[in-house]
**Student:** 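Quick one: the structure is below, questions incoming.
Read the numbers this way: they start at 1 and go in the same order the structure lists the ligands and their atoms.
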Amino acid sequence: MTDVELLRAPLCHTPGDAFRDEGALVTHEDGGLAVRDGRIAACGDFASVRAAFPSAPITDWRGGVILPGFVDTHVHFPQLRILGGLGRTLLDWLEHVALPEEARMADAAYAADTARTFVRALVSHGTTTALVFGSHFAAATATLFDAAAAAGVRVISGLVVSDRLLRPELLQSPREAHRDSSELIRRYHGRGRLFYAVTPRFALSASEATLEMCQTLLAEHPGLRAQTHINESVEEIAQIPSFFPWAADYLAVYERYGLTGPNTVLAHDVHPTDGELARLAASRTSIAHCPCSNAALGAGIFPLQRHVAAGVHVGLATDVGGGIGFGMLKEGLQAHLMQRVAHDPVVLTPSQMCYFVTKAGADAVGLGDEIGDFLPGKSADFVYVRPQPGSPLAAALQRAETVEQMLAGIFTLAGAESVREVRIAGAAVHRAYDATLGEAVAP
Ligand SMILES: [Zn+2]
């Protein structure tokens, strides 16, 4: 038998769909997680897991909580340095804040430095898997894949393609975009933990020839994902008819070019029609909900109740840099807060927030069989959240009577400072320096 490590701490996960199943959250107050060869060997009460692996060395993590690794379903790596561009609306922010910075990715060294910082930011916030918008430049997009591979992080990304409306240096002809995308697919798709996603920026910036090129790539390479934006701001949606006069609605543009389905994630969908929701559900297309970004750019309040009622699958996302940072816990809290002021709210439970940041995202990005919860056989991707001694979170966890209450406290109070250790396939990809315990651990 190969070596087994047994971790002991309160733990929880959501193997079921927390929007359909009230019992989706599984908790173990004195939990045991057995890891063998980078995979979950067992998860349950410590005593029973201990009995199954009596000779395994024990890592005692009581004092914190173990959660599955977080999955960010929509985030832009070239926008790392422009976080904080507050007070604008989408199209204004794109033109004056986001796109000038994205143009700087023409400098591959600048891009590589950004990519390394980006990957560190993901893991230091507990994100183990991310569906990432790459750059408009192939060399810059390659630096992201390289940084993710070096760190061991699961990243699904692709060259961002556009051939109109944006600054000229960000545009590519469909032929050039096909050539560069094909080369990136050849180099990275399916290599280790990397996957490729066909990534038209959004319908307004992609001509029908570019969208057709995206469809061709999907047909040429089985297993690719696709990602783009939809129905984010009212101003954006109002321009769709002038570019696509034949389209009944925004979604119809993507449908015509095969950019919907179980391998596609569409970001935002703040302003969908009922017809679009029904078709998203029927095609099993996922939505990336970005509540911090929706508030920061004034896009609107996400109609979660309508998505759930229509049967549309929704994951959660930070949307850096339209959003406000890398924390998926913060994003879960913001989703909760935005719903409290929604016209037709879903009052999110800790179970639903946990599901949102873990299993829902795993399913959205097509990795639900590999990650997202602690079922035996899955990759051992997990986050150890432990409060700083004397902090409000420490007090809240001490006071909590159930793991579900701990979870609510973690979503409300935990930032990156409480993300103590992050593992992917059982291996540490992040360890926090903890001065209070006298430990200095290199990341
Ligand atoms: Zn975005």
**Student:** Do side-chain atoms of R39 reach the backbone of G377 as a donor and acceptor pair under 3.5 angstrom?
**Tutor:**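 A pair under 3.5 Å: yes.
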**Student:** Taking the side chain from R420 and the backbone from V385, do they hold a donor-acceptor pair closer than 3.5 Å?
**Tutor:**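 Flag not set: sc R420 to bb V385 has no pair under 3.5 Å.
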**Student:** Give the name of the N/O/S atom in H229 that lies closest to the Zn ion (ligand 1).
**Tutor:**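 That would be atom NE2.
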**Student:** Check all N, O or S atoms of H74 and name the one closest to the Zn ion (ligand 1).
**Tutor:**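 Answer by atom name: NE2.
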**Student:** Tell me whether C290 has at least one N, O or S atom under 2.8 Å from the Zn ion (ligand 1).
**Tutor:**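 False for C290.
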**Student:** Let me know which of R154, R423, R193, K359 forms a salt bridge (Lys or Arg N to Asp or Glu O under 4.0 Å) with D381.
**Tutor:**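 Answer to the salt bridge (Lys or Arg N to Asp or Glu O under 4.0 Å) test with D381 among R154, R423, R193, K359: R154.
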**Student:** If you look only at pairs with a residue in residues 121-145, which of them pass as a salt bridge (charged side-chain N to carboxylate O under 4.0 Å, His left out), with sequence neighbours excluded?
**Tutor:**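 Salt bridge (charged side-chain N to carboxylate O under 4.0 Å, His left out) check on residues 121-145 returns no pairs.
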**Student:** Provide the atom name of the closest N, O or S atom of D319 relative to the Zn ion (ligand 1).
**Tutor:**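 Checking each N, O and S atom of D319, the shortest distance to the Zn ion (ligand 1) belongs to OD1.
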